[in-house]
Amino acid sequence: MLSNKISPITRFIFERTKSLNNLTLKMAKSSYEYVKKFELDDTILPNTWIVIRLDDTNLYNRRASKLLTTINSKFSTSYVFYWNKFFEKESLKYPPTFDGRIVIYPSDENIIDYLKWRQADVHINNLYNTTFWALVQQGNLTPVLAEKRLCGTVSSDKNEILFKEFNINYNNELPIYKRGTLMLRKNVSNEDENKYANVIVDVHDDMLKDNYWKDHSTLLLPNCKNSISHNGPLTDLIKEQIIAKNKLKNNNQNKK
């Protein structure tokens, strides 16, 4: 007769075999899959705005390294790819590189303040550069002397230098230089078909004014379908997208 009792050595062998079987099942996909455990969890906090020096998004499951490297490499390659379009007579002297960073902001107020800060920074940098090069190119100062001249000056000082010494009214500078370029998705009238096309527009609006955020009150809403209408000029960027959309539509119709 077989005994119902299990000897210690039998129990040990049974438990050991069970453990080995479990381990084998866990590693059935690949014996090397354990290395995934070395990856750091760099998931960005949920319910926060992501700024890659993009929007709130679930792209790549919000992994910081994926987002940063993808956007950075996309920007770098696009910079080289489109270089000749804007600088036909000047070739690149060396491969460009760009650093990147991810900052998270927990509220709409914070992200709006961030965007305002970036646009204000555009103004500050452009005012400095405009004054600096006026001193060098028209005032015949060396770059070192021009830098010393501007050291410690505030915006009013630079405006005064430009106006009094070079008869330049900084307020007459083009908005693209004073405010930078904003890329927004808007509805644009397609006059050829009397319809609206939803495209990316490039504008130079003043985000520091409250009216801008009143007119764009739906901009930060999640999954917003209330697209904003574009009332500005049709830039080359907008025209290219409308042409591409019309071409794709015609190709699809021809296939039917």
Side-chain angles (χ1 to χ4, degrees), residues 39-79 96-130 152-156 158-159 170-171 173-188 198-232 235 237-238 241:
E39 295 182 10
L40 294 177
D41 183 6
D42 59 353
T43 304
I44 297 174
L45 291 175
N47 299 324
T48 58
W49 289 101
I50 298 173
V51 174
I52 306 182
R53 259 242 147 169
L54 248 157
D55 55 12
D56 194 332
T57 176
N58 288 321
L59 186 65
Y60 298 120
N61 294 321
R62 301 178 65 87
R63 290 186 60 185
S65 59
K66 287 274 190 178
L67 288 168
L68 183 57
T69 54
T70 301
I71 298 302
N72 200 339
S73 62
K74 183 67 174 179
F75 182 86
S76 301
T77 54
S78 297
Y79 186 92
T97 57
F98 302 92
D99 74 327
R101 71 205 69 179
I102 290 183
V103 186
I104 56 175
Y105 296 100
S107 69
D108 290 356
E109 181 182 2
N110 295 148
I111 191 65
I112 289 174
D113 286 345
Y114 167 81
L115 294 170
K116 287 182 177 180
W117 170 58
R118 296 307 300 164
Q119 190 169 72
D121 212 38
V122 170
H123 158 70
I124 293 171
N125 291 333
N126 185 66
L127 177 58
Y128 179 91
N129 291 331
T130 302
T153 60
V154 295
S155 295
S156 58
K158 297 180 182 70
N159 275 295
Y170 183 77
N171 291 327
E173 284 281 290
L174 294 177
I176 187 175
Y177 302 123
K178 294 189 295 183
R179 302 171 187 160
T181 302
L182 311 177
M183 309 293 282
L184 303 171
R185 183 170 291 281
K186 289 187 176 185
N187 279 331
V188 176
N198 192 254
V199 297
I200 302 295
V201 303
D202 49 331
V203 295
H204 319 292
D205 297 335
D206 190 350
M207 292 191 296
L208 275 63
K209 293 182 178 179
D210 292 336
N211 285 339
Y212 176 84
W213 295 103
K214 290 179 181 178
D215 295 337
H216 298 77
S217 58
T218 61
L219 193 60
L220 301 181
L221 294 179
N223 302 320
C224 178
K225 297 181 180 180
N226 299 324
S227 185
I228 305 168
S229 296
H230 174 64
N231 300 318
T235 63
L237 175 65
I238 298 174
Q241 292 176 85

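Keep in mind that the numbers below use all heavy atoms, side chains included, and drop hydrogens, waters and symmetry copies.
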Practice problem: Please test Asn110 against Ser107 for side-chain hydrogen bond (donor to acceptor under 3.5 Å, both in side chains), starting from the C-alpha separation and ending with a verdict. | Solution: CA-CA 5 Å; Asn110 295 148; Ser107 69; 2.9 Å; yes
Exercise. Walk me through it: do Arg185 and Val199 pass the test side chain to side chain contact (heavy atoms under 4.5 Å, CB included)?
Key: CA-CA 5 Å; Arg185 183 170 291 281; Val199 297; 5.5 Å; no
Exercise. May I have the step-by-step check of side chain to side chain contact (heavy atoms under 4.5 Å, CB included) for Ile238 and Ile200, ending in yes or no?
Key: CA-CA 7 Å; Ile238 298 174; Ile200 302 295; over 6 Å; no
Practice problem: Walk me through it: do Met207 and Leu182 pass the test side chain to side chain contact (heavy atoms under 4.5 Å, CB included)? | Solution: CA-CA 9 Å; Met207 292 191 296; Leu182 311 177; 3.7 Å; yes
Exercise. Start with the C-alpha distance between Arg101 and Leu68, add both sets of side-chain angles, then the distance that settles side chain to side chain contact (heavy atoms under 4.5 Å, CB included), and finish with yes or no.
Key: CA-CA 7 Å; Arg101 71 205 69 179; Leu68 183 57; 5.6 Å; no
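You'll find the side chain of Arg62 reaches within 4.5 Å of the side chain of Thr48, heavy atoms only. Side-chain contact check for Val103 versus Ile50: every heavy-atom pair is 4.5 Å or farther apart. Side-chain contact check for Thr181 versus Val203: every heavy-atom pair is 4.5 Å or farther apart. Contact of the Leu127 side chain with the Ser155 side chain is registered, since non-hydrogen atoms from C-beta on lie closer than 4.5 Å. At least one side-chain heavy atom of His216 sits under 4.5 Å from a side-chain heavy atom of Lys186. Proximity of Met183 to Leu237: side-chain heavy atoms (C-beta onward) are separated by under 4.5 Å at one or more points. The shortest distance between side-chain heavy atoms of Leu67 and Arg63 does not fall below 4.5 Å.
Rounded to the nearest 0.5 angstrom, Tyr212 OH and Ile112 CD1 are separated by 10.0 Å. Once rounded to the nearest 0.5 Å, the distance linking CD1 of Ile104 with CD1 of Ile44 reads 7.0 Å. Distance check, rounded to the nearest 0.5 Å: CH2 of Trp213 to CG of Leu208 gives 10.0 Å. Summarising the geometry, atom CG belonging to Asn198 is positioned 10.0 Å from atom OG belonging to Ser229; distances are rounded to the nearest 0.5 Å. Note that CG of Leu184 and NE2 of His230 are 10.0 Å apart. Values are rounded to the nearest 0.5 Å. With rounding to the nearest 0.5 Å, the separation of CG in Asp108 from OG in Ser217 is 11.5 Å.
Between the side chains of Asn72 and Thr69, no donor N or O sits under 3.5 Å from an acceptor N or O. Side chain to side chain, Thr235 and Asp202 meet the donor-acceptor criterion of an N or O pair below 3.5 Å.
Taking the six-membered ring for Trp and the full ring otherwise, the centers of Tyr128 and His123 sit at least 6.0 Å from each other.
Of all the heavy atoms in Lys178 and Asn171, the pair that sits closest is NZ-O, 3.0 Å.
Using bins of under 30°, 30° to 60° and over 60° for the plane-to-plane angle, the ring pair Phe98/Phe75 lands in the perpendicular bin.
Partners of Tyr177 by side-chain contact (heavy atoms from CB on, under 4.5 Å), not counting sequence neighbours, listed by chain and number: Asn126, Glu173, Leu174.
Paired with Arg179 under the rule side chain to side chain contact (heavy atoms under 4.5 Å, CB included), one option of Val122, Asp206, Asp205 passes, and it is Asp206.
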